[in-house]
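Written out below as structure tokens is the structure these notes cover.
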Amino acid sequence: MHSAVFLIEFGAIILALGLLGRFAGRFQFSPIPLYLLAGLAFGEGGLLPLGASEEFVAIGAEIGVILLLLMLGLEYTASDLVSNLKTQYPAGLVDCTLNALPGAIAALLMGWGPVAAVVLAGVTWISSSGVIAKVLGDLGRLGNRETPVILSILVLEDLAMAVYLPIITALLAGVGWAAGSLTLAIALGAAGLVLFLAVRFGRVISRFVSSDDPEKLLLVVLGLTILVAGIAQQLQVSAAVGAFLVGIALSGEVAEGAHALLAPLRDLFAAVFFVFFGLHTDPASIPPVLLPALALAVVTALTKIATGYWAARRAGISVKGRWRAGGALVARGEFSIVIAGLAVAAGIEPSLGPLATAYVLILVIVGPLTARYTQPMAGFVGGVLARRGKNAASPGPARVPGPRETVESLDGQDAGERS
């Protein structure tokens, strides 16, 4: 009977996610907010609380995070990452400064402590690569001059996660400075080693994994990824970082083949992950943090626009392209939820999960709108200001001088000419 209830509940979840994804696709927006809302509906305090299938959903959510990071790593080659680090690191520093600080300051102002401040800084810092890539494709901007700048910032954020996630893991585990430093050193060493091996021996690694049979390729890549993720988590580094590094190590036809095979699995388990995060958020806990989430969303939307504008200006992009770059970076999504999920699991701050949920819900909806309308709005506002400035600078109608003024001015002119 228990297994029957489990199958019914889990089947209902998957069916509901499929229908929500179809609905989102019809109206051309990200399904992430719908998945989060579904989790709120199925969780404690929701409309239909789950029972038997919650433990399986938790395992599926962990696999979802691993697959998200693996697919992200498959998008880049090691040489591309090294090149981006060398040329675009100033944009990455500006991005981190402008967008992480508001989250950290907000957490400290709410009295959440330094660990929660570091977590919320990550939530507000990282843009959603998945949402932004989809929006750029929908708007037909993949060939625009500003698009490489946008992608470079996203790549740098992804790389930063290889350092940030181990730090968060160590802080949440409550380890001391010595153990935390050791964890970070292991993470940096592993990342550096994988990058070195990928650059020097990428073809050898890909040849070892490669297979003409899709079934064998899928099993080898998926098994290797979960194995490395488990080892990384055992070393307190982060399962997500391990999966990301596996994706970087694979290249060429192997990466393309694995990407095609794993995409449906990624979508399935990623959807389960968002539902799982919603399951652990009580809907009644969102209204008290809605106003801080909205304020934080407004501030960090503006800082992301400023980041994109500065980075595009540095790359010599036109003014319109600068505004488009800034507007495209606003959306937050999967990474923000991953970071907040770690904090929720550690139980550091009860309000952090609801705040992150509300924050992501706001910006994952607003992000596609800012990508579409930031540049036209900036052009409209600029045109209005330009017209006002022109009207203020233009002289009024000429005033006819009186007889005495004419005589005095002529006398002054003559005196000036004579001198």
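One-based numbering along the sequence shown. It should be emphasised that the depicted structure is a prediction, and the values quoted were computed from it without experimental measurement.
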*Show the numbers, then the answer: is there a salt bridge (Lys or Arg N to Asp or Glu O under 4.0 Å) between Glu157 and Lys304?*
CA-CA 13 Å; Glu157 289 181 350; Lys304 273 292 181 183; 2.6 Å; yes
*asked:* One pair to check against side-chain contact (heavy atoms from CB on, under 4.5 Å): His259 and Met71. What are the steps and the verdict?
replied: CA-CA 6 Å; His259 192 284; Met71 298 293 281; 3.7 Å; yes
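Here the CH2 atom belonging to Trp323 is positioned 12.5 Å from the OG atom belonging to Ser318, to the nearest 0.5 angstrom. The distance from the CG atom of Leu342 to the CD1 atom of Ile168 is 7.5 Å, given to the nearest 0.5 Å. Here the CG atom belonging to Leu120 is positioned 10.0 Å from the CD1 atom belonging to Ile339, to the nearest 0.5 angstrom. In this structure, the separation between CG on Leu154 and CD1 on Ile126 is 9.5 Å, given to the nearest 0.5 Å. The CE atom of Met110 sits 7.0 Å away from the CG atom of Leu296 when rounded to the nearest 0.5 Å. To the nearest 0.5 Å, atom CZ of residue Arg324 and atom CD of residue Gln375 are 5.5 Å apart.
Counting heavy atoms from C-beta outward, Leu34 and Leu17 have side chains that stay 4.5 Å or more apart. Residues Ser127 and Ile132 have side chains in contact (heavy-atom distance under 4.5 Å, counting atoms from C-beta outward).
Taking each heavy atom of Ala328 and Leu136 in turn, the nearest pair found is CB-CD2, 4.2 Å.
Residue Glu349 places its CD atom among more than 12 non-hydrogen atoms of other residues, nucleotides or ligands, all under 6.0 Å distant.
For the pair Tyr164 (side chain) and Gly122 (backbone), a donor-acceptor distance under 3.5 Å is present. One N or O on the side chain of Thr370 and one on the backbone of Gly367 form a donor-acceptor pair closer than 3.5 Å.
In this structure, a donor-acceptor pair under 3.5 Å is present between the side chains of Asn99 and Thr303.
Each of Val364, Thr300, Leu361 was checked for a side-chain contact (heavy atoms from CB on, under 4.5 Å) with Arg332, and the lone residue meeting it is Thr300.
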